[in-house]
Structures are given as C-alpha cells and as structure tokens.
Amino acid sequence: MEKPNCDDSAKPADLNVSNISVQMVTPPEKLPVRKPPRRPPRKPIGKVKLKKKKVKKVPFWNIQNKIILFTAFLIILAVITWTLLWLHISQSESKDAFYFVGLFRIANIEFLPEYRQKESREFLSVAQNVQQVMNLVYTTSAFSKFYKKSVVADVSNNNEGGLLVHFWLVFVVPHAKVFCEECVAAILKDSIQTSIVNRTSVGSLQGLAVDMDSVVLNGVSSFKLCYKGCAHDLYADHPFQHFPLEISATSGHLMCHFKLTASVGYLIRLSIVSLQIEADNCITDSLTIYDSLMPIKSTILYRICEPTRSLMSFVSTNNLMLVTFKSPRVRKLSGIRGYFEVIPEEKCGSTILAKESIGFEGKISSPYFPSYYPPKCKCTWKFQTPLPSLGIALKFHNYTITKKNMKGCDHGWWEINEHMYCGSYIDHQTVFRIASSVGHVQLQCSSRLSDKPLLVEYGSYNISQPCPARHFRCSTGLCVPQARRCDGINDCFDESDELFCGMLKPACNVSAFQSQAPLVCDGFRDCEDGQDEENCTQRIPCNNQTFKCGNDVCFKKKNAKCDGTVDCPDGSDEKGCSCSRTASSLLHRIIGGSDTQEGGWPWQVSLHFVGSAYCGASVISREWLLSAAHCFQGSRLSDPRPWTAHLGMYIQGNAKFVSPVRRIVVHEYYNSQTFDYDIALLQLSTAWPENMKQLIQPICIPPLGQKVHSGEKCWITGWGRRNEADSKGSTILQQAEVELIDQTLCVSTYGIVTARMLCAGVMSGKRDACKGDSGGPLSCQRKSDGKWILTGIVSWGRGCGRADFPGVYTRVSNFVPWIHRYVPSLL
Ligand code: ARG
C-alpha cells in the first residue's frame, strides 16, 4: 500500500515530476550506425616466406590489458549514466504531475475499528478494492493516458453511516497540454450510477455503493499531502474533555498536520488560544482548518493568516477535522496553542413566546455560539407576542440585515416573514423590527467557510410607537433620547442622529458648550465664536480621555498627538510627526488645472496588478500604504503577490521606487454591496529608502473622530480616467480641487451614505475622481500648521463628474484605531 506519508517511492513530497516520468520515456530514435570506409582490396603480394618467429606467449589477463579493460568499462558506465541522466532530465522537463485529493462515502460497508490501522488486513482490503475501482474509472475514461494511480489514505467512520474514504490521485500530463482539472471530478461523479426510482443519492460506482452527494475532489499541490515528521493522528471520544493541541518551535520551521477524529455521532470543536505566525495573507504562514481528513480545498472551514492571542473556536460538520499548520521560514518563534474537544450536534432554532412588557428580554445566537458557526447551517425561530399591537424587535450585535438585492448574500441569508435579507458584519448594534405579532425568522449560512458568531437580543415593542416617547429613531433601528439629537455625539452609531441638523454651527454660549462636552477642546471651532476652543491648555488629571505630554502633564484633548497645535508645554505632542508637509512647495499649483507638478504629491502611490495600473494608494509610513478595500475584492485581487506599489511617480510607469506588496489587510467589515468600510492597508516588501525623502513622503492620518467641515477645500489626485467615456487612465498624475460636501446633503442625494463615508466634489460636477483613482488620497491641508491630512480615500460615486453626484470617499478619521492596530509605529 502506498501512503502519502513521505516514506514511499511515490510519496507526494518526494514525488517530483522526474521520478514519475522515467516510466513514460519514449525510446530515443536509433542513431545511424557509422559504417567504416571501404578500403581498396589489397594487392596480393608475392609469397613471402615468413620465418616463424618464436614469440613469447603473453597471458591475456596481464596488467596492461586489465587497465585497458577497466578504463573501457568506466567509459561505458559513464556514457550509460550520462544518457540515463539526460533522458531523465529531458523527460522531467516535459511532463507535469497533477495531484488530486478527495473523499466519498461508501454507504453499505460497516466501519470496523481495524480500519484505523493502515497495516491491518481489513484496511488493506478496502483500500485495494477502492483503488481498483478508481483504476477502472480512470483507465476507461478520456484521461486514461494521463492517469497514473490512486491511493487510499484513510478509511473512517462518519455521522452519516458507512465508510468515509479519503484518497489521492496522480495524473501525468505532457507539459504543453492544458489539463482540465474539473473534468477529473466530473469523470468520477459521472461514473456513479444512481437510480431515479429509489430516489437516493447512493449509486453504484463499479459495484461500490457510493453516495453521490458526498463526493468531493480537488486539485492539490503535492507538498500539501506530506508533512514530514510532524503528523499527528488524534482520536477522542469523551465529550467536552479538552485535548491539547500544542506545538511550537523557537527556531527553525514548522509544518505540521493534525488529523482529529471524534466518536461517531459527535462533532469536533477546535479552540485556538494563541497562534504565532508571520502575517502575510497565508502565503508562507497559515493555520488551515478542514472539514475532512485531507487538505481538500472545498472542505476548508477557515484559514487564519495573522497571529492571534484571542480565543477563536471552530466546529466541524462531521466527526472529522484536519488542522494544518505552516510556518516554513526560520524565525524566532512560531507555534500554536489550543485544544480540541468532542461536542454533540446542536439543534438551532426554537419557538419563543415574548412577554407583554416592552423591551429586550432574551437572546438567540448562531449555532455553537460563541464558536464560529459552520457552513451549511439552517436555523428557524418562531416568535409570538401576546398582543396584536406588539411586534418583535431583534437587536443584532455587530451585525445588520438589509433587503436582499440581485446579488447573493456573503454572510447569511435571513428570511423574515417571507421577505429575504442579507446579513453583514459591522462595528455597532442595529435593531430590526417585525411589525407583526408573529415572526418567522430563518437564518441560512451563505458563506462556504465558517463565519463569525452572531448574537441577537429579542423582545416585544409597540408597533404604533417603535421608540418610547421623546426618543429619536436612528436608521440603525436604535432609539435615542430626542435631547441627544444634533449634540455632536454619535449615539445612533451610524450618525443618523447627527444628520439633518441644519448647516449652521451652533452659536454657543458658555453654558451651552459646557454641557456639550465633545465640542470642547477637540481642535475644531464648533461654535461660531470659537468659545469651545478657548482656554484649552489647562493642566488636568490624566485619564483615558486625555493626552499625556512628555513631562507627565496631561492635556484635555485625547487626540492632541500630531494635530498641528502645540498643546503640551514641552511640545511633545507634536514631536516625531514625520508626515509633516508645508504648503510652500505647493504654491505653484494651478487651482483648477489638471497636470500636477513632479513631486507635488509625494504620498501618492500607483498600485499595479500583474503589471498594469489598477488603483491608487497613499504612503503613511516607511512600509505601509492606505488604499480602498474594493481594489482587493476576490481571491485573485486579495493575493498580494501579483501587486507592486509604485512610489515617487509622476509619469505613469516611471516610478522612483517600486516594491512588491507583502501583505494586504482588508477591513474585516468591508461590505462589497454597499462599499461600507472601504479601507485596506498594504505592507510593502521593501521599505522605501530614507534618501528618497524628497520624492516620497507620508501623509498624516487625521486624529480620531476628526470632524470635517463642509465647504473645506481639499485635493484629489490620481492616474485614473479623465472622463467617464475614456477607456484608459492618464499618463501624467492629475489633480483637482474639490470641496467637502455636507453629509446631510450627500445622504439626501445618494441615500446610502454611511458614517464611514464622506462626500467631496463640486455640485456642478466636473471635478471628481474616476475609474482607476480608487484607493487614492483625498488630501486636505490643515490651516493651523500646513500639514497634509489624508481625510478620505477614493471609493465610489455615480458615474464620474456628474452634476449633483459628488464622489464618495472613505472617512479615514473613523479608522484611526484600526490603522494603529497594524501600524503601531504611527502612534
Ligand atoms: N471605484 C472607482 C475605481 O475603481 C472609483 C470611483 C470614484 N468615482 C467617483 N465618481 N468619484 O477607481
């Protein structure tokens, strides 16, 4: 039996193309044999009497002959070796090996504990049987020429009954040939003969009773099948007992896999306590959790690409799980600390009778809460209130549901009283109200992967008056006291309580602004007369609402750092702010002009995808850039390897510094349907050199929660299209001056402008960003110190430059803590 455990002749890790191909060698054409030149026949010469000389007979095996023979033998050996080597190399260059890994369920064979022993007669006989069936399937298919072999790797029990067989296949294909990977799975599925009469998914695969619905087969890279020296096969049968899963290396690389099996009828919950890996979008380091015993792509439950110290747990859909840990580079510390446990299957959903009293009274959650919930879930909750005047309110934690449109849902489908909604994760609570005394709520998982746990509070509410008296109803569904509307505090979480408040600044009198605490000393003149920003240098006790100056004196403004105003007596709040940029070098700019001056926007970056300009970005530190999440949407675009960052560039393609991208961090709440949280960080593979400071400079990140003022003039820059109808971007970096537009006005234009967005442009249209500018900066110069602030990131808009439809930008001031989480050096 051949096992993928690296000690076999055809083992995947060692199984490189060359040692397969030897058998595929076609005999070289016969070399023409060189005939010796014909000699003219010798003329017979006169009989010469030869005097028989008495020659001394020399023995054949004398030293001289032995040397000659030995040399000849060595030469022949060398020629043979060389020829074989040449054939070997030439063949390996022209053949590709394709590996596949898969599983299916055999319905009519009972599991025997002996199947766990790979050397047992029982295992070998099942394996041989399956291998023969696979040989038959593929040698009689269109791929027979390429099929090399199949190997059964595991035979296990499972919650569906019968046997679950994990196997891998090898195909060897001439190099130039295109190999249809999907066809391999299709051949297998098509070979299962199911009958429509008995309406079951179990059919006959060359005599084996195989469940059609259980078949999964994916291509795999050969190295994934082999984890030399670090393979663990763990079996657990005591529910809720913690079985440790720990591995660490203080030096050297780590490549391990853990095959976890629970007793039949149970599931496996894996809990990760801490994970130390290098963060690079799973290119080198990763922890992958599979819902099977082999690394089958389509059974991935979750992949962790970043180090973590917070507890995360995942649940399988069957009694099996594979965990692969990859950290191949030699570094100081890598490892995983966690445990797994056997848990019973959980039914989700229930019937709930709400109380007559108004308010939230209970909680429902996603299956296996607080674990990530597995794919393929379906839960139904039936709510009933005691009175027809009472409806059902659902308060979603860090989650929201919106009407489903033509696109599918990414994070859960919700069917509520026959209406469909899509769920998405956000950073605040939302309330959904069902204006009926009966609520039929169904959640269905939509993601192929496990998803973040969901917690929902429920209760009854008064249908005719959803919010209590003297309360304002936010667009997040929350209710906030009327008195808190337009007070500058984001009580609704989406700022809907701060919209439509009138465009004028309040004329504050002393008592008014003192009661409106957030207006005071926040660096902005919120009051017309500027009273809120007077007397702001008083020393106050230090707490988490203050900024600690160098001499341990605290200043009232929490965000005093690098805000352009010297607040600390020793100026420590404004030290080390490397993003500074004075206005002087920009004086020569022509307002309204289009071409920039070379070096005028030293933070502007052009991001190239597979060699072509695709998006913009801004330099915020020596190795980090800020861009838009929508530039990296989808599996190809989210892979950092095809991307390069072009810095210090004026003419497109002529950058002063180019670096590959090491890592892309897309905001976890980015919503591809609404463009909410449209922000991403990019880490460069190589930091830009200090001596390029003249041409490359970071732009400042705004202070947290910085308020912007409508009418303020800012700049947008990029190599994007200059016209909606253009087919390509511009060669020279373009600039345009735009105005920040009042949020209320923008919400009334577009409707779907969230608190993470801001609008800028000119209402007449004409000055705007366009396709290709995405991710680029909306730069605003602070009057107080001339520093340039990255106020926005080019995100979306209706068309480009259309009247009444300004550009929409990501509001960077909402993401300061998120940026600092990845770029602490900015602090
Ligand atoms: N999403 C666009 C891009 O891919 C940018 C759109 C900006 N549109 C606008 N009208 N401001 O580059």
Side-chain angles (χ1 to χ4, degrees), residues 101-105 111 113 115-116 153-166 211 214 216 224 227 230-247 256-275 286-304 308 310-326 335-348 365-379 445 447-453:
V101 61
L103 64 83
F104 55 65
R105 188 174 72 90
F111 178 78
Y115 290 143
R116 281 199 198 105
D154 272 286
V155 174
S156 57
N157 55 8
N158 70 100
N159 296 352
E160 254 83 32
L163 296 185
L164 204 60
V165 179
H166 287 75
D211 182 353
S214 70
V216 219
K224 282 206 173 154
Y227 277 75
C230 190
H232 304 265
D233 239 318
L234 306 169
Y235 178 79
D237 53 4
H238 285 90
F240 301 112
Q241 193 180 325
H242 288 191
F243 296 92
L245 198 142
E246 291 190 7
I247 191 127
C256 289
H257 79 198
F258 303 86
K259 280 185 182 178
L260 315 177
T261 312
S263 35
V264 77
Y266 287 91
L267 307 178
I268 294 174
R269 184 193 337 245
L270 171 77
S271 300
I272 307 292
V273 177
S274 75
L275 180 69
S286 60
L287 181 96
T288 313
I289 304 157
Y290 295 88
D291 203 20
S292 58
L293 287 180
M294 294 205 73
I296 309 171
K297 233 184 323 182
S298 55
T299 67
I300 291 180
L301 282 177
Y302 207 76
R303 294 195 86 188
I304 310 180
T308 169
S310 50
L311 184 77
M312 300 166 94
S313 60
F314 305 90
V315 177
S316 63
T317 65
N318 208 334
N319 62 330
L320 316 158
M321 189 184 265
L322 171 75
V323 183
T324 65
F325 179 79
K326 190 163 73 109
I336 156 182
R337 218 155 55 72
Y339 55 89
F340 76 99
E341 62 197 304
V342 171
I343 58 163
E345 215 167 304
E346 220 174 71
K347 291 270 164 289
C348 64
S365 58
S366 53
Y368 308 100
F369 186 86
S371 298
Y372 276 54
Y373 63 90
K376 304 181 208 161
C377 73
K378 196 175 190 168
C379 312
C445 309
S447 161
R448 278 198 310 114
L449 304 176
S450 288
D451 227 335
K452 281 197 263 323

Any non-hydrogen side-chain atom of [X] less than 4.5 Å from a side-chain atom of [Y]?
X	Y	answer
Cys379	Pro367	yes
Leu449	Ile300	yes
Ser156	Leu293	yes
Tyr372	Lys452	yes
Leu163	Tyr115	yes
Leu103	Met294	no

Which residues satisfy the ring pair (Phe, Tyr, Trp, His ring centres under 6.0 Å) test with [X], sequence neighbours excluded?
X	result
Tyr368	none
Phe104	Phe167
Tyr373	none

Discussion item. Tell me which one of Leu245, Leu287, Ile304, Thr288 satisfies side chain to side chain contact (heavy atoms under 4.5 Å, CB included) with Phe325.
Written reply: Leu287
Over all atoms of both residues, closest heavy-atom pair of [X] and [Y]:
X	Y	result
Phe111	Gly162	CB-O, 4.4 Å
Ile247	His232	CD1-NE2, 4.0 Å
Ser450	Phe314	CB-CD2, 4.3 Å
Ala262	Leu267	CB-O, 4.2 Å
Ala236	Phe340	CB-CE1, 3.7 Å
Ser263	Asn319	O-CB, 4.0 Å

Gap separating the [atom1] atom of [X] from the [atom2] atom of [Y], nearest 0.5 angstrom:
X	Y	atom1	atom2	value
Ile343	Ile268	CD1	CD1	9.5 Å
Thr299	His166	OG1	NE2	7.0 Å
His257	Cys230	NE2	SG	8.5 Å
Arg448	Lys297	CZ	NZ	9.0 Å
Thr317	Asp291	OG1	CG	3.5 Å
Met321	Ser292	CE	OG	10.5 Å

Item to complete: Output every pair passing side-chain hydrogen bond (donor to acceptor under 3.5 Å, both in side chains) with a member in residues 336-348, not counting sequence neighbours, ordered by first then second residue.
Response: Arg269-Glu341
Response to the item:
Across all chains, not counting sequence neighbours, the salt bridge (charged side-chain N to carboxylate O under 4.0 Å, His left out) partners of Asp451 are none
Practice prompt. Not counting sequence neighbours, which residues clear salt bridge (charged side-chain N to carboxylate O under 4.0 Å, His left out) with Asp154? List them please.
Written response: Lys118, Lys259
Worksheet item: So which of Asn318, Asp211, Asn158 actually passes side chain to side chain donor-acceptor pair (under 3.5 Å) with Arg105?
Response: Asp211
Worksheet item: Under 3.5 Å, side chain of Asn159 to main-chain N/O of Val264, donor-acceptor pair present?
Response: no
Worksheet entry | Cys348 and Cys377 SG atoms less than 2.5 angstrom apart | no
Practice prompt. Check whether more than 12 heavy atoms from other residues, nucleotides or ligands sit under 6.0 Å from atom CZ of Phe258, and answer yes or no.
Written response: yes
Discussion item. So for atom NE2, which belongs to His242, do other residues, nucleotides or ligands contribute more than 12 heavy atoms lying within a distance under 6.0 Å?
Written reply: yes
Worksheet item: Given Val342 and Phe240, is the side-chain contact (heavy atoms from CB on, under 4.5 Å) satisfied, shown in steps?
Response: CA-CA 6 Å; Val342 171; Phe240 301 112; over 6 Å; no
Discussion item. Let's go through Ile272 and Leu270 carefully: what are the C-alpha distance in whole Å and the side-chain angles of both, what is the deciding distance for side-chain contact (heavy atoms from CB on, under 4.5 Å) to 0.1 Å, and is it a yes or a no?
Written reply: CA-CA 7 Å; Ile272 307 292; Leu270 171 77; 3.8 Å; yes
